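Input: a single structure, listed below in structure tokens.
The shown structure was predicted, so the numbers you read here are calculated from the model rather than taken from an experiment. Here is the naming used below: chain letters follow the sequence lines, and residue numbers restart at 1 for every chain.
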Amino acid sequence: MNILDTLNPEQKRAVLHDKGPLLILAGAGSGKTRVLTHRIAYLIEHRNVKPWNILAVTFTNKAAREMKERVDQIVGYGSHDIWVSTFHSTCVRILRRFIDRIGYERSFSIYDTDDSKTLMREVCKYLDIDTKRIPEKSILSAISRAKDELITPEEFEKSVNGDYMLKKQAEAYKEYQKRLKASNALDFDDLITKTVELFMTDKEALTYYQDRFRYIMVDEYQDTNTAQFRLIHLLASGINEQGKREYNLCVVGDDDQSIYKFRGANIQNILSFEKSFPNTKIIKLEQNYRSTKSILDTANEVIANNIGRKDKSLWTDNEKGEPVSYTQFESDIEEADSITSEIRRIVENNGASYNDFAILYRTNAQSRIFEERLIQKNIPYKIIGSVNFYARKEIKDILAYMKTIDNGLDNIAVKRIINVPRRGIGMTTIDRVNDYALLNGISFYEALVRSQQIPGLERSSSKIMSFVSMIEGLRTQLHQKNYNLAELIDDILDATGYLRELDAEGTDEARDRISNIDELVNKLVTYVEEAEDTPTLSGFLEEVALVSDIDSFDESADNIVLMTLHSAKGLEFPYVYMCGMEEGIFPGYMSIYADNPQEEIEEERRLCYVGITRAMKRLSLSAAKQRMSRGEMSYNKPSRFIHEIPRYLMKVNVPDNEPTKSFAFNKSSLFSEYRQSQKNYKPFITPEPRHLAGSNLTKLEYGIGDKVKHVKFGIGKVTDITMGGKDYEVTVDFERYGIKKLLASFAKLTLAD
DNA sequence: ACGCCGACCGTCCGA
DNA sequence: CGGTCGGCGT
């Protein structure tokens, strides 16, 4: 079968396009991923392009993984050699090979936002910058913006012009960069800028990659920043055998879905692509295959309020479908309650499954109230993006050990763990070592090694030396021939006594931490087993640094998924709930009162457009009249975006005020209810397991009257167990949350001692 | 050196 | 409301 058969004429043109720059303006749901994968497959199969001559840059690691799989499905081979990855991963791969040409070591560390902040705090302290007046966060974001625009510390300094704030920022930028270099570390932005720097200064490295990447594709092109543009431009400017520049660059984007201006995305990259690359061919994909007419019309109406867009109009052959629904609830509690109940109702009555549903919101903070409800109702769910696994203390600690072993120059990592677990090395000691290191121009770790020579450290140097020899021991072990990297964490835990200390604590929190560490061990083992090249410590650490929460999103898992509108980009769901459609929430407070509200509101509107176009079958919008935010009640009007939807497309619901069992009720009434139930105490029975067809019921390990533990609710007492459908329904009176009915298979209750 | 507690604060979105 | 940081007390 011809791989072109399933494509529409425009898609076909894009796939068949031969050489030279190509801009594909792909509206939401117009099958751009299909075009990209088919184009790659076509290049390999019909144009004799070698898989290793193709570079495809995607937005997430997940998208990269899927693209490879899909190319494999079409071509059946070769996908392994295609270089498909995100901007950041691409740059890391390049830098691991060539960064020594610009004065770093190839074992460089990658600093995450936390590390950057820690470093910036040190810098501010050193430069006497009052972080009350100039918060380190604002300095970091100024630096980040500068890096997005490829502005060096020196150039930044020149542009200061006597402005006090800018002058301080310039100083901080310079010092920050100096210290990153000394730590042999790169922050997220450096990954891009240092790659550009490498290519600008080292022709050999540039030519190597220009020759290698004969065909370049970039997805989500509207969200690239200036540095990324520069990178792509450099890579695509190679000279072919005939001595000509071909610019075999194919970018796919949609200016209406540009939602990352806040992190430096430069909309001009897509708007003036044709100017940057002469003889660009432009193809518009305007047929939407995803949504019903009602949903698509709604999206078009909303986005029409933006000015200065590229001219295009999305249409669909799909059926009209139901009108979009909008409900204004009394409160955020009611909103969460009603939406979660409705989803359950649809799943139970209409044969939908939980993974058909997404709840989308503007800010991560909004997930909390939904989570409470979903737990309460025993509805399986997954929240994407709220608390990063790798940001947890115990995980960062272990990773800091690994970084220290991998790159002794990483001062932030060494300082993090020098006294974790406690070894009696305090602030004064650390300061003295630090001063010595700065004075002698050596790393913090090197200063530790020489601590015996440092004046004033007579007493603590023995403690320091035992730390040093522990690290050295681990490092030697790592470099032994048959050492299995998968054991490294265990060895660290063993040498440091980290686990023993947590064990001794014996609290719930400590147990949580231990299970998180177990999880990290699992990830390391998986990495070692599945690594494409030889697994290395640096390799693992960079994988960890560059994963995003969305990469772990598994659409086949049967749960509702909750995430921000930003995270939802590129995804689709049959049923979409967009909640918190309120002025001040969405569009956010910050954009309404910004210096340039027009611009900011337009970005919010594009975000709204992205949200609407995620829905395939049914879209539900909602707002709340009152909502609890940062401890106080706020009262918001419905979002302007709601008013931009014509009435004929939208069904406005009146919320049904059926009395809902809310656990925001006062606890005492629930408590007396419980007392009542205790009076007519039920006899102690554990129901016999009934093996129903298709169910996998197992005998419960607890019975009525037992004390059990729930992962969120904590300790409680079982007051009733009944058979509900294919699962046990367990009623538990929790010490802190009161009485709840839970389904045994979801709740995963365990006997508490 | 370390732990606890209270004040404070600041809030968007993210690799 | 929740996390974080700095100060103070031991």
Side-chain angles (χ1 to χ4, degrees), chain A residues 57-64 85-92 110-118 121 125 131-132 135-138 140-141 144 147-148 186-192 220 223-225 227-228 258-265 332 360-369 372 384-388 390-391 393 419-431 459-460 463 542-551 563-569 580 584-594 600 603-604 606-608 610-611 627-634:
Chain A
V57 183
T58 57
F59 200 67
T60 62
N61 296 300
K62 179 172 178 278
S85 65
T86 63
F87 269 104
H88 294 269
S89 305
T90 303
C91 289
V92 171
I110 300 167
Y111 276 8
D112 63 22
T113 335
D114 266 10
D115 301 326
S116 297
K117 217 158 137 198
T118 310
R121 259 202 295 278
K125 212 162 132 196
T131 51
K132 286 262 168 7
E136 60 259 48
K137 249 178 107 181
S138 76
L140 280 169
S141 77
S144 179
K147 288 182 177 176
D148 289 340
L186 272 62
D187 69 14
F188 282 135
D189 301 312
D190 283 342
L191 295 178
I192 316 291
E220 307 286 7
D223 287 322
T224 53
N225 63 33
Q228 290 164 335
S258 159
I259 55 173
Y260 281 106
K261 191 167 142 286
F262 74 92
R263 67 176 206 211
D332 51 349
L360 307 180
Y361 36 76
R362 179 65 175 83
T363 67
N364 279 313
Q366 290 167 258
S367 69
R368 192 177 208 120
I369 189 158
E372 283 174 4
I384 306 282
S386 56
V387 269
N388 188 354
Y390 294 102
K393 183 188 178 300
N419 200 31
V420 180
R422 302 264 117 77
R423 2 184 121 78
I425 304 173
M427 274 302 290
T428 26
T429 310
I430 292 171
D431 280 346
R459 271 196 308 137
S460 41
K463 294 174 191 156
E542 85 194 28
E543 192 168 294
V544 160
L546 299 178
V547 295
S548 72
D549 213 10
I550 195 79
D551 294 334
M563 65 179 97
T564 62
L565 289 155
H566 281 91
S567 296
K569 187 168 78 156
I585 304 281
F586 189 36
Y589 193 85
M590 302 286 273
S591 57
I592 297 172
Y593 297 100
E600 303 261 330
E603 172 126 337
E604 297 279 303
R606 289 192 291 272
L607 189 55
C608 186
V610 167
R627 139 182 336 265
M628 203 57 142
S629 62
R630 58 175 178 218
E632 55 186 20
M633 198 59 82
S634 61

Test: A:Lys261 and A:Glu603 ion pair at under 4.0 Å: no
Between A:Arg263 and A:Asp223, is there a salt bridge with N-O shorter than 4.0 Å? no
Would you say [X] and [Y] make side-chain contact, with heavy atoms under 4.5 Å?
| X | Y | answer |
| --- | --- | --- |
| A:Thr86 | A:Asn61 | yes |
| A:Gln366 | A:Ile585 | yes |
| A:Leu607 | A:Phe586 | yes |

Remember a base hit wins even if backbone is also touched, and classify [X] as base, sugar-phosphate or nothing at under 4.0 Å, heavy atoms.
| X | result |
| --- | --- |
| A:Thr86 | nothing |
| A:Thr60 | nothing |
| A:Asn364 | sugar-phosphate |
| A:Asn419 | sugar-phosphate |
| A:Thr429 | sugar-phosphate |
| A:Lys137 | sugar-phosphate |
| A:Tyr589 | nothing |
| A:Gly424 | sugar-phosphate |

Atom-pair distance ([atom1] on [X]; [atom2] on [N]), nearest Å:
| X | N | atom1 | atom2 | value |
| --- | --- | --- | --- | --- |
| A:Tyr260 | B:dA15 | OH | C1' | 9 Å |
| A:Arg263 | B:dC13 | CZ | P | 13 Å |
| A:Glu603 | B:dC13 | CD | P | 14 Å |
| A:His88 | B:dG14 | NE2 | P | 14 Å |
| A:Glu632 | C:dC1 | CD | P | 11 Å |
| A:Asp551 | B:dG14 | CG | P | 13 Å |
| A:Lys569 | B:dA15 | NZ | C1' | 12 Å |
| A:Met563 | B:dG14 | CE | P | 11 Å |

Would you please confirm or rule out a distance under 4.0 Å between OP1 or OP2 of B:dC13 and any side-chain N or O of A:Ser567?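 No, because none of the side-chain N or O atoms of A:Ser567 sits under 4.0 Å from OP1 or OP2 of B:dC13.
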Check whether any side-chain nitrogen or oxygen of A:Thr428 sits under 4.0 Å from OP1 or OP2 of B:dA1, and answer yes or no. yes
Do A:Ser138 and A:Ser141 have side-chain atoms, one donor and one acceptor, less than 3.5 Å apart? no
Please tell me whether A:Ser116 and A:Asp187 have a donor and an acceptor in their side chains that are separated by less than 3.5 angstrom.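 No, no side-chain donor-acceptor pair sits under 3.5 Å.
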Could you work out which one of [options] sits closest to the side chain of [X]?
| X | options | value |
| --- | --- | --- |
| A:Ser548 | B:dG14, B:dA15, B:dC12 | B:dA15 |
| A:Arg422 | B:dC12, B:dA15, B:dC2 | B:dC2 |
| A:Glu604 | B:dG14, B:dA15, B:dC12 | B:dC12 |
| A:Asp189 | B:dA15, B:dG14, B:dG3 | B:dA15 |

Can you confirm if the aromatic rings of A:Phe87 and A:Phe188 lie within a centre distance of less than 6.0 Å? no
Are A:His566 and A:Phe262 close enough that their ring centres sit under 6.0 Å apart?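 A:His566 vs A:Phe262: aromatic centres under 6.0 Å.
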Return the 5'-most residue of the pair A:Gly426, A:Asp549 with respect to DNA chain B, ranking by each residue's nearest nucleotide.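 By nearest-heavy-atom nucleotide position, the 5'-most residue is A:Gly426.
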Identify each atom pair where a protein N or O and an N or O of nucleotides 3-6 of chain C are less than 3.5 Å apart, giving names and distance.
{"residue": "C:dC5", "atom": "OP1", "partner": "A:Arg121", "partner atom": "NH1", "Å": "3.3"}

Looking only at heavy atoms, which two atoms of A:Leu565 and A:Val610 are closest? And how far apart?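 Taking A:Leu565 first and A:Val610 second, the nearest heavy atoms are O-CG1, 4.3 Å.
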At their closest point, which heavy atom of A:Lys147 faces which heavy atom of A:Asp190, and how far apart are they? NZ-OD1, 2.9 Å
By a 5.5 angstrom centroid cut-off and a 30 degree plane limit, is there stacking between A:Phe262 and B:dC13?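 The base of B:dC13 is stacked with A:Phe262 (centres under 5.5 Å, planes under 30°).
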For DNA chain C, stems built from three or more consecutive Watson-Crick or G-U wobble pairs below 3.5 Å: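 Ordered by first number, the stems with DNA chain C (at least 3 consecutive pairs each) read B:1-9 with C:2-10.
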Tell me which nucleotide, if any, is Watson-Crick or G-U wobble paired with B:dC13 when both distances must be under 3.5 Å. none
